[in-house]
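The next block holds one structure in the form of structure tokens; read it before the comments.
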Amino acid sequence: FGDVVDGDELPYVPTHQVSLQLGAQVYDFEGYLTGTYVASMRDQAGQDDLSLQTDAQFLLDANLAYTFAQGWKAMAKAENLTGSQALASRRPFGARPVRPRLVMMGVNYAF
């Protein structure tokens, strides 16, 4: 973390972080919605102003599944539904945003 002295705040440790997941299952369908909030945080150890810090972030993710036959399940997942581009980090190689919007689909079979 560079030059660190007693009393410095640690980088990448948010003061507030919360995640809430709501879900439901009805017959062969199930779905979950997850919201995650992470407060802004220091980008380097220190006690001074927070000129080098990340952005506060709110991410919304969704998961859906449908069981269509014995042992078979179709699934879909979407991350960062809001399309947030908050700054997640500046290290190791410069400013980086949070994960981009991502949609995945697949089929699962359980033996």
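Remember, predicted model here, so these are calculated numbers, not experimental data. Heavy-atom basis, side chains included; hydrogens, waters and symmetry copies ignored.
Contact between L60 and G35 at its shortest, heavy atoms only, is CD1-CA, 4.1 Å. The nearest pair of heavy atoms linking S89 to Y12 is OG-OH, 3.0 Å. Minimum interatomic distance between T15 and A39 (heavy atoms only, all atoms of both residues): OG1-CB, 3.9 Å. Across all non-hydrogen atoms, the minimal contact from A62 to L81 is CB-CD1, 3.8 Å. Pairing each heavy atom of M41 with each of P14, the nearest pair is SD-CD, 3.5 Å. Counting all heavy atoms, side chain and backbone alike, A45 lies closest to V4 at CB-CG2, 4.0 Å.
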Report the C-alpha separation of R99 and L59 in whole Å, then their side-chain angles, then the decisive distance to 0.1 Å, and conclude whether the side-chain contact (heavy atoms from CB on, under 4.5 Å) test is met. CA-CA 9 Å; R99 64 182 182 244; L59 298 174; 3.9 Å; yes
Could you walk me through whether K73 and E30 pass the side-chain contact (heavy atoms from CB on, under 4.5 Å) check? CA-CA 10 Å; K73 188 181 286 190; E30 58 187 275; 3.2 Å; yes
side-chain contact (heavy atoms from CB on, under 4.5 Å) for Y27 and T67? Distances and angles first, verdict last. CA-CA 9 Å; Y27 302 108; T67 302; over 6 Å; no
T36/F58 under side-chain contact (heavy atoms from CB on, under 4.5 Å): CA gap, chis, key distance, verdict: CA-CA 6 Å; T36 303; F58 176 74; over 6 Å; no
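Residues F68 and V107 form a side-chain contact, since some pair of their non-hydrogen atoms from C-beta on lies under 4.5 Å apart. Between E9 and R42 the shortest side-chain heavy-atom distance falls below 4.5 Å.
Using a distance-only test at 3.5 Å, with no hydrogens or angles considered, no donor-acceptor pair links the side chain of N63 to the main chain of G31. Between the side chain of R91 and the backbone N or O of D43 there is at least one donor-acceptor pair closer than 3.5 Å. Not one N or O on the side chain of D55 forms a donor-acceptor pair closer than 3.5 Å with the backbone of A86.
Within a 6.0 Å radius of CE in M105, other residues, nucleotides and ligands contribute 12 heavy atoms or fewer. With a 6.0 Å radius and a threshold of 12 heavy atoms from other residues, nucleotides or ligands, Q47 has its CD atom above the threshold. Within a 6.0 Å sphere centred on CZ of F93, other residues, nucleotides and ligands contribute 12 heavy atoms or fewer.
Applying the ring pair (Phe, Tyr, Trp, His ring centres under 6.0 Å) rule to Y66 yields the partners F29; only residues at least two apart in sequence or on another chain are considered. Residues passing the side chain to side chain donor-acceptor pair (under 3.5 Å) test with Q21, sequence neighbours excluded: T34.
From Y37, atom OH reaches atom CD of Q17 across 10.5 Å, with rounding to the nearest 0.5 Å. Atom OG1 of T54 and atom CZ of R96 lie 11.0 Å apart (nearest 0.5 Å).
The list of side-chain hydrogen bond (donor to acceptor under 3.5 Å, both in side chains) pairs with a residue in residues 100-111, not counting sequence neighbours, is empty.
Note on D61 versus K77: no salt bridge recorded, every NZ/NE/NH1/NH2 to OD/OE distance being 4.0 Å or above.
M75 and F111 end up in different hydrophobic clusters when Ile, Leu, Val, Met, Phe, Trp and Tyr side chains are linked at under 4.5 Å.
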